[in-house]
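Remarks on the structure that follows.
Reckoned from all heavy atoms, side chains included, excluding hydrogens, waters and symmetry mates. Order of the sequence lines sets the chain letters (A, B, ...), proteins ahead of strands, with each chain counted from 1.
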Amino acid sequence: MERRTRVRFAPSPTGPLHMGGVRTALYNYLYAKQRGGDFIIRIEDTDSHRFVPGAEEYIIEALNWCGIIPDEGVDENGKVVETPSERHPHAPYRQSQRRGIYKQYADQLIASGNAYYAFDSSEELDAKRAECEAAGQTFIYNQLSRMSLRNSLTLPAEETERLLRETTDWTIRFKMPQDTVVKMDDLIRGHVEINTDTLDDKVLWKRADELPTYHLANIVDDHLMEITEVIRGEEWLPSLPLHYLLYKAFGWEETQPRFAHLPLLLKPVGNGKLSKRDGDKMGFPVFPLNWINSEGETYHGYREDGYFPEAFVNLLAMLGWNPGTEQEIFSMKELIDSFSIDKVSKSGAKFNPEKARWFNKEYLRMRSDEDLASAFLPVLESKGIKADPDYVKDVISFTKERATFVTDFWTIASYLFVSPKDFEAYGIKAGASVEPQAADNRRQPDPRAKVFDDTLTAPFLAKDVDKFWKPEIVELVLKVSEYVNAYDGEWSVQAVGAAVEDYIRTNEWPMGKVMNALRLALAGSASGLGIADIIARIGKGETASRIAFAASRLS
RNA sequence: GGUGGGUUCGUAUAACGGUUAGUACCCAGGAUUUUCAUUCCUGUAAUAGGAGUUCGAUUCUCCUACCCACUACCA
C-alpha cells in the first residue's frame, strides 16, 4: 500500500526556534517536497508551564523567512487555523486545542492492559529519587518498582475507583513489558535493538491539567494526521522504543511511520550541543531571527545580522548532509531535487561560522546590483544619506566582490558618500601609533564588529599616517590635486586613472607612495578602493577639497 | 551510574574492501595590483588506540578510550 508522503515538524513553543530546529524543519520539508508530499506544522504545547508568549509566532515567521512553507499547519496567511478545512483537514494543529481527543486513547491503553493509573504524587516520587540517590542508586518507575508503589496494579479496585474520583493528581502510565527486545529501524542509523528492562513506565496522561504528555500526544497525532516519516533530532532516539511499543499497543503497526534521527548541531569550539548563549559569546547568531527574551535581552538572528535566507538555508542543509558530489551551492529547488535521507551523516556537526559567512558572500555575489542597491539604500538612509539609486548601483557594481553582507558596502565605500573629515573624533592624532591586531585569525570574533559604528566617516589610521603622510609626499599629492583639477579629458574611471598614473610616472615620482598618500587623503585609509574609482566618483571639487583638508590637518 | 548513539586534516565532509585518502572553509606562501580586497597558483594538515576477519581494511567484527544524547506529571 503506497501512502502519500506526509511529514511534520512539531516544535514546542517554549522559546525561539534555534538553527538546529530550523534544520530539522528543512530536512522534513525537503523530504516531503521531493516526494510531492505534505509538510505539516504541529505545535506541541502540552506543557502549559513552559509556554512562552510569542514563541509560536516566531517559529512560523522564521520558517516563512527561510521559504519553508507548510502545506498544513497552525497558520494561514497570518490567520490562526482553528477548524478543519480542505486545506487543513486535521485542524487544529495545536495540541492544546486538541486536548479532548487524547483521553480516549489513554483509556484504550488502560482497557487493553497496556497502561495503568498511578497515584504517587510528584513529591513522593521526588522523595524516592532523593532516597535512591543517597544510596548511590537511580530510581526508575518500572516493572520492578511499580509493584511497591501506589497504582492500580497494587491497590484494590475499590481504592483505585475512589482515588480516581476523589483526587486530581493521578496519571496514566505506560506498562512497559518485561524483558522484551524491541527491534527498531532508523532511516539514518539502521537497525537498533533495546531490552525493555532498561526502560521506565512513562507518564502518558496527567489528570492535573487533563493533558497528555509528549509521548502520547505525539503518537496519537502522528497516527491521526497520517504521518509517514518522522524526522527529528537525535535526542529522541532513546524514546523510540516507547513509541514503537505505543504503536503496537494501539494496533497501529501497519501505518506506523518510519523514523529518522538527525545528528545534533554542536558548538564551534569545545564540546556539547549548540546552545543559545554560544552565539553571542562567539559572535555569530544561533537563531534565524532576532529574539528578545522576557528579561529584555536580545539574541541575534541571521536575518537581522544580514544573512540572505537562501544562504542560511544552504548552509543549514550542508550541516549534516551532503549530496555526494562536490557541489556546495544549492537553491531550495536543487536541494529538494538532490536531498536524500541516507546521505545524512550519523555524527554531530560542529557549526563553523566562517563557512557560514562564506556562503553569504557567495549568495551576495549572485545577487543583481539592483537588488543589492535597493537593500543598501535603507542602510544609507539610516546614516542620514539620501543617495541616487543609480549611483549606489554603480558603487555596488565594483565593490561587490569585497562584501559579505549588504552592510559591508558602508565599511567599504562610505567615503564615496561622505567626506572623511572628522578624524580627530577618533582620538587618533597624526604620529600616534596603533597596537597591532592579535595575530590568530582563526579564533577571531566576527570581523564585522567594527562595522556598526554610528560615524559618518572613515578614520585615519595612525599607522597609515605614520607610513604615508610624509611632508615630501604631501607636496606631490597637492600637485596631483592641481593636476586633477585642471584635467579636462574624458571623465571616466579608466581615463582619469590613466591620466593620473601617467602624470605621476612622467614626473618620476614614487608611484606607491604617492598613490597611498592620495588614498589616505581621499578615503581616510591607506588601504581600500582604487584611486581612480574614488576620484571618478567623487569628482574634481571633492577631490581637491579632501586633499586640501588632509594636508591642513595632517601636516 | 545505567541505556543508546557517535568517532577521516582545526572545521564540514568524500572515498559504500584495492585511491599518491579527494573537495570546501580556515591558515601559510607566491603571482597579479598604486594599497587592501578580488582572482589565479602552491603548500601545511586526518582515518582515536588495540586486536581480529581478509590476499588486502577508513570501510566488516570485538575490546578500550573519548565525545554526545537520554535517564521528569519537559518537549
Side-chain angles (χ1 to χ4, degrees), chain A residues 10-14 44-47 49-50 118 120-122 125-126 129 133 136-141 169-173 186 188-189 192-195 197-200 202-209 211-215 217-218 232-241 261 263-264 266 268-269 271-273 315 318-328 342 345-359 365 399-403 412 440-443 464 468 497 500-501 504 510-520 523 525-532:
Chain A
S12 181
T14 53
E44 310 227 319
D45 55 350
T46 51
D47 184 357
H49 307 291
R50 295 211 310 157
D120 322 271
S121 68
S122 329
L125 293 176
D126 285 346
R129 280 191 196 94
E133 202 174 322
Q137 293 170 323
T138 312
F139 171 78
I140 304 173
Y141 208 122
D169 64 347
W170 48 269
T171 62
I172 294 177
R173 281 182 185 267
D186 183 283
I188 296 169
R189 277 147 226 285
V192 180
E193 292 190 2
I194 191 161
N195 189 300
D197 284 354
T198 63
L199 271 20
D200 63 343
K202 279 272 179 281
V203 170
L204 299 177
W205 196 82
K206 332 157 241 179
R207 171 64 178 82
D209 48 13
L211 239 26
T213 61
Y214 169 82
H215 303 288
N218 191 266
R232 72 220 309 192
E234 188 185 328
E235 68 269 27
W236 293 109
L237 196 51
S239 46
L240 185 58
H261 291 88
L264 261 20
L266 275 16
V269 293
N271 298 318
K273 64 174 177 182
L315 74 91
M318 303 307 286
L319 232 41
W321 172 82
N322 77 86
T325 66
E326 277 171 9
Q327 184 178 353
E328 289 197 273
D342 51 86
S345 65
K346 296 180 176 72
S347 51
K350 281 195 178 187
F351 173 63
N352 184 347
E354 308 243 308
K355 188 85 184 216
R357 277 183 222 112
W358 175 80
F359 273 109
R365 286 173 176 218
T399 51
K400 203 174 179 176
E401 66 192 15
R402 313 168 88 100
I412 294 163
D440 187 3
N441 285 325
R442 234 184 283 189
R443 299 277 157 83
D464 291 340
F468 300 109
V500 170
E501 219 169 297
I504 296 170
M511 182 66 77
K513 287 181 179 174
V514 176
M515 284 299 204
N516 280 312
L518 207 44
R519 184 178 294 99
L520 187 61
S525 163
S527 64
L529 301 173
I531 302 297

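Rounded to whole Å, atom P of B/rU7 lies 12 Å from atom CG of A/Leu266.
A/Gly320 comes within 4.0 angstrom of sugar-phosphate atoms only, judged by non-hydrogen atoms across all strands, and of no base. Note on A/Ile194: only backbone sugar-phosphate atoms sit closer than 4.0 angstrom, heavy atoms only; bases stay farther off. Backbone-only engagement by A/Ser345 is indicated by non-hydrogen atom pairs under 4.0 Å involving sugar-phosphate atoms exclusively. If you check every strand for non-hydrogen atoms under 4.0 Å, A/Leu529 touches a base. Residue A/Val192 is in sugar-phosphate contact alone, with no base atom involved, counting any heavy-atom pair closer than 4.0 Å across all strands shown. Within 4.0 Å (heavy atoms only), A/Arg232 reaches no atom of the nucleic acid at all.
Here the closest non-hydrogen pair linking A/Glu44 and A/Pro13 is O-CD, 3.6 Å. Of all heavy-atom pairs between A/Ala118 and A/Tyr141, the closest is CB-OH, 3.7 Å.
In the set B/rU3, B/rU13, B/rU34, the nucleotide with an atom closest to the side chain of A/Thr198 is B/rU3. Closest to the side chain of A/Glu354, out of B/rU35, B/rA12, B/rC26, is B/rC26. Residue A/Lys346 has its side chain nearest to B/rG6 when only B/rA12, B/rU23, B/rG6 are considered.
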For nucleotides 69-75 of chain B, just jot down a letter per nucleotide in 5' to 3' order: B, S or -, based on protein non-hydrogen atoms under 4.0 Å. SS-SBBB
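Between the A/Asp186 side chain and the A/His261 main chain, a donor and an acceptor come within less than 3.5 Å of each other. Side-chain N or O atoms of A/Arg365 include one that pairs as donor or acceptor with a backbone N or O of A/Glu401 at under 3.5 Å. Side chain of A/Thr325 to backbone of A/Gln327: a donor-acceptor contact under 3.5 angstrom is found. A donor-acceptor pair is defined here as one N or O able to donate and one able to accept, closer than 3.5 Å; such a pair exists between the side chain of A/Asn352 and the backbone of A/Glu354. A side-chain donor-acceptor contact under 3.5 Å links A/Thr213 to the backbone of A/Val203. A/Arg519 places no side-chain N or O within donor-acceptor distance of the main-chain N or O of A/Ser527, the cut-off being under 3.5 Å. At least one donor-acceptor pair closer than 3.5 Å links the side chain of A/Asn516 to the backbone N or O of A/Gly512.
The residue among A/Ser347 and A/Lys355 whose nearest nucleotide of RNA chain B lies closer to the 5′ end is A/Ser347.
Look at the C1' atom in both B/rU8 and B/rC40: the space between them is 29 Å, to the nearest Å.
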Intra- and inter-strand pairs of RNA chain B in dot-bracket (Watson-Crick or G-U wobble, both distances under 3.5 Å; | for another strand): (((((((..((((....[...)))).(((((.......)))))....(((((..]....))))))))))))....
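Using a 4.0 Å cut-off, no side-chain N or O of A/Asn352 falls inside it from OP1 or OP2 of B/rC25.
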